[in-house]
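Below is one structure, written out as structure tokens; the observations come after it.
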Amino acid sequence: MSVRVRFAPSPTGLLHVGALRTVLFDYLFARGRGGVNILRIEDTDRTRYNPDSEAEFVETLRWVGIDFDEGPHIGGPHAPYRQSERKEAGIYAREIQKLLDNGSAYKAFDTSEELDEMRELQQINKMATGYFGGKWRDATPAEVADAEGEGKAYVIRLKIPRDKTIVLHDLIRGRVEWDSNVIDDPVLIKADGMPTYHFAAMVDDHLMGITHILRGEEWIPSAPKHIALFEAFGWTPPIFVHCPVIVGKDGKKLSKRHGATRVLDYAAQGFMPQSLKNFIALIGWSPGEDREVLTEEELISLFDLDRLQPSPGRFDLEKLQWLSGHAIRALPTEELLDKVIDFVAFDYAREFHQAEVSEEEGGSAEMEKRMARWASLELLAARAKMDRSFALQCVTLEQERVTTLADFGEACEFFLVDQPRMDPKAVEKWFGQPHVPKLFDAIVAHCESGQDCSVAGFEQLLRTFQTENEIDKLGPIVHPTRVALTGKTFGPGLFELMNVLGPARIVARIHSAKSLIGLN
RNA sequence: GGCCCGGUCGUCUAGUGGUUAGGAUGCUGCCCUUUCAAGGCGGAGGUCGCGGGUUCAAGUCCCGUCCGGGCUACCA
């Protein structure tokens, strides 16, 4: 039987990294087995419905490079793929009738006040809370008819069999069992006629021929209800795969406190999809053989449900950063520049860098940083348009020094502006030495006299200056020059950087450096 | 409270009765070098949550225990 899996988010908000991991596994598993990957929207809760959510899912998944074979956006043999539409099509009404007819579901007319009261009583008596029958599980047809006649609202519940052992065979955790007497009767159809998750998801999984249900481990406690439901229908359940969750640094559920949770925020911060996928896949799964840096193809061919781990994993941003830097270094420079240009054209990245930043994420200081970063990124993209080969040289020189696409703006900034921002500490440290004025003059003279401005030419210039002035190390020559030209004490090789900058910019910068120390 | 899941260096992990418990990240030292990176080579970091058992032999099997997490809605 060929593999059919589904990602079934409920459209209540953003697509976060925890959910991404589940879809990633779906996708990797389906693609590696020549299977089918399905997107289904579980919009059965009208109160929490968010109309922008589905577009967010589709957009995010497209960015990350996870595609589907069937779904609301592309159709398919089991359409519709939105549960609200499936409800309108009468699918759930048809299926629930089967259960009502065979006696495994019943109508319950309890009011929410009555249910609250029941739970309160159960808590006081330290009993398990839940609906274990009430007066409606075994009500006579006459009682039900009366209540319906009075026009009372009702829900339809599943009649969980009593005195049985319900067994879950989970692919990751093995056999898990429950005494059916501790499982309460779940609502299948709400009073408004909408199905609950329990009902809609399982009915759809069966109807759509889903072979493996991949979902978060928070679903384990409701698995017995789902198994009982399949039994009530007489259907064979799919294989359950309860994936471990991703948690924050403190072992608690991932939240804003731990950094970005929205997948698109990682896109906006300049991480490339492949790095994110590589990183996320490695939480809870490993290919063995100590392999970690994997291409898309390797991920797909190596991925296997058998190697999933049961324990929750923490989200380690530093490892993502390493993977990201690694991916950037592996890219041919032409391609890398294109990615940077695309990144600057990416609407959400711009919005992210220009948006208000909440206090817990760093407040106005962080916001200023982001805006500055974005400004320098736009400068780079603009330059690339006018003079691609210049931008390419800048990117090449910074390639091994950055971890995300977003880092290129700041890294390349000194190449792009008229006058770089000077680090006052660097100025103080390196401009005071006695040979510096003479050094600056030598550089200006070299540039103005049209001498060799290749990498080797600049190297020779500075090395000659060193020997002529009997300075025992190259550092005292390189550092002041670097500060004068870039404003910083770190960056690409000086000779390479001078070569890219060219004589005109060098002369201008040396002049302003001189005026900074009162020499002009 | 009840039910369920989990527990190997800080973190991600390899490991399915016999290994000096391996790799990666992070930290750190050295090399390279004009700086910062990158790269190369090292180092520290683990009483495999704890206690019992089974066994010649236990991270691996069994029991107990502790800690962490989840669920306990007409949310998903």
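Per chain, numbering begins at 1; letters A, B, ... match sequence-line order.
- A:Val247 comes within contact range of no nucleotide atom at all, as no heavy-atom separation falls under 4.0 Å.
- For A:Asp316, counting side-chain heavy atoms from C-beta on, the closest listed nucleotide (B:U34, B:G10, B:A76) is B:G10.
- The nucleotide whose nearest atom lies closest to any side-chain atom of A:Asp45 is, among B:C75, B:U35, B:G6, B:C75.
- Comparing the P positions of B:G1 and B:A44 gives an interatomic distance of 44 Å, to the nearest angstrom.
- Distances from the side chain of A:Thr196 to the nucleotides B:A24, B:A76, B:C5 place B:A76 closest.
- Donor-acceptor pairing under 3.5 Å, judged by distance alone, is absent between the side chain of A:Glu289 and the base of B:G23.
- Among the heavy atoms of the strands lying under 4.0 Å from A:Asp110 is at least one base atom, whether or not backbone atoms are also near.
- Pairing of B:G6, defined by two Watson-Crick or G-U wobble distances under 3.5 Å, is identified with B:C67.
- Residue A:Thr12 is out of contact with every strand shown, counting any heavy-atom pair closer than 4.0 Å.
- Residue-level contact check: A:Arg173 touches the backbone only, with heavy atoms under 4.0 Å from sugar-phosphate atoms and none from bases.
- Between the side chain of A:Asp407 and the backbone N or O of A:Thr403 there is at least one donor-acceptor pair closer than 3.5 Å.
- Counting non-hydrogen atoms under 4.0 angstrom, A:Ser286 reaches the backbone sugars and phosphates but no base.
- Across all strands shown, A:Gln466 has no heavy atoms under 4.0 Å from either base or sugar-phosphate atoms.
- Along RNA chain B, the nucleotide nearest to A:Leu474 and the one nearest to A:Ser112 differ in position, and the one closer to the 5' end is contacted by A:Leu474.
- Among the nucleotides B:C74, B:C12, B:G2, the one closest to the side chain of A:Ala128 is B:G2.
- If you check every strand for non-hydrogen atoms under 4.0 Å, A:Gly216 touches nothing.
- Listed nucleotides B:A37, B:A76, B:A24 differ in distance to A:Arg401; the shortest reach to its side chain belongs to B:A37.
- A:Arg46 comes within 4.0 angstrom of nothing in the nucleic acid, heavy atoms only.
- If you check B:U25, B:A14, B:A38 against the side chain of A:Arg307, the one that comes closest is B:A14.
- Across all strands, A:Leu494 comes closer than 4.0 Å to base atoms (heavy-atom distances).
- Here A:Phe315 and A:Tyr266 bring their ring centres to under 6.0 angstrom of each other.
- Exactly one residue among A:Lys159, A:Lys225, A:Arg137 makes a salt bridge (Lys or Arg N to Asp or Glu O under 4.0 Å) with A:Asp185. That residue is A:Arg137.
- Applying the Watson-Crick and G-U wobble criteria (two distances, each under 3.5 Å), B:G1 pairs with B:U72.
- Nucleic acid contact class of A:Trp219 (heavy atoms, under 4.0 Å, all strands): base.
- Among the protein residues, A:Glu398 comes within range of no part of the nucleic acid, since none of its heavy atoms lies under 4.0 Å from any strand.
- Side-chain rings of A:Phe240 and A:His212 stay apart, their centers remaining 6.0 Å or farther from each other.
- Comparing B:G53 with B:C41, their C1' atoms sit 46 Å apart, to the nearest whole Å.
- The 12-atom threshold is not exceeded at CD of A:Glu470, counting heavy atoms of other residues, nucleotides or ligands nearer than 6.0 Å.
- Ring geometry, A:Tyr154 versus A:Phe109: the interplanar angle falls from 30° to 60°, so the pair is classed tilted.
- The distance between atom CD of A:Glu400 and atom C1' of B:G39, rounded to the nearest whole Å, is 8 Å.
- The base of B:U72 lies outside donor-acceptor range of the side chain of A:Arg119, with no N or O pair under 3.5 Å.
- A ring pair (Phe, Tyr, Trp, His ring centres under 6.0 Å) with A:Trp285 is found for one member of A:Phe29, A:Phe303, A:Phe279 and no other, namely A:Phe303.
- Here the side chain of A:His479 is nearest to one of B:G26, B:U34, B:U72, namely B:U34.
- Residue A:Arg314 has its side chain nearest to B:C12 when only B:A76, B:C74, B:C12 are considered.
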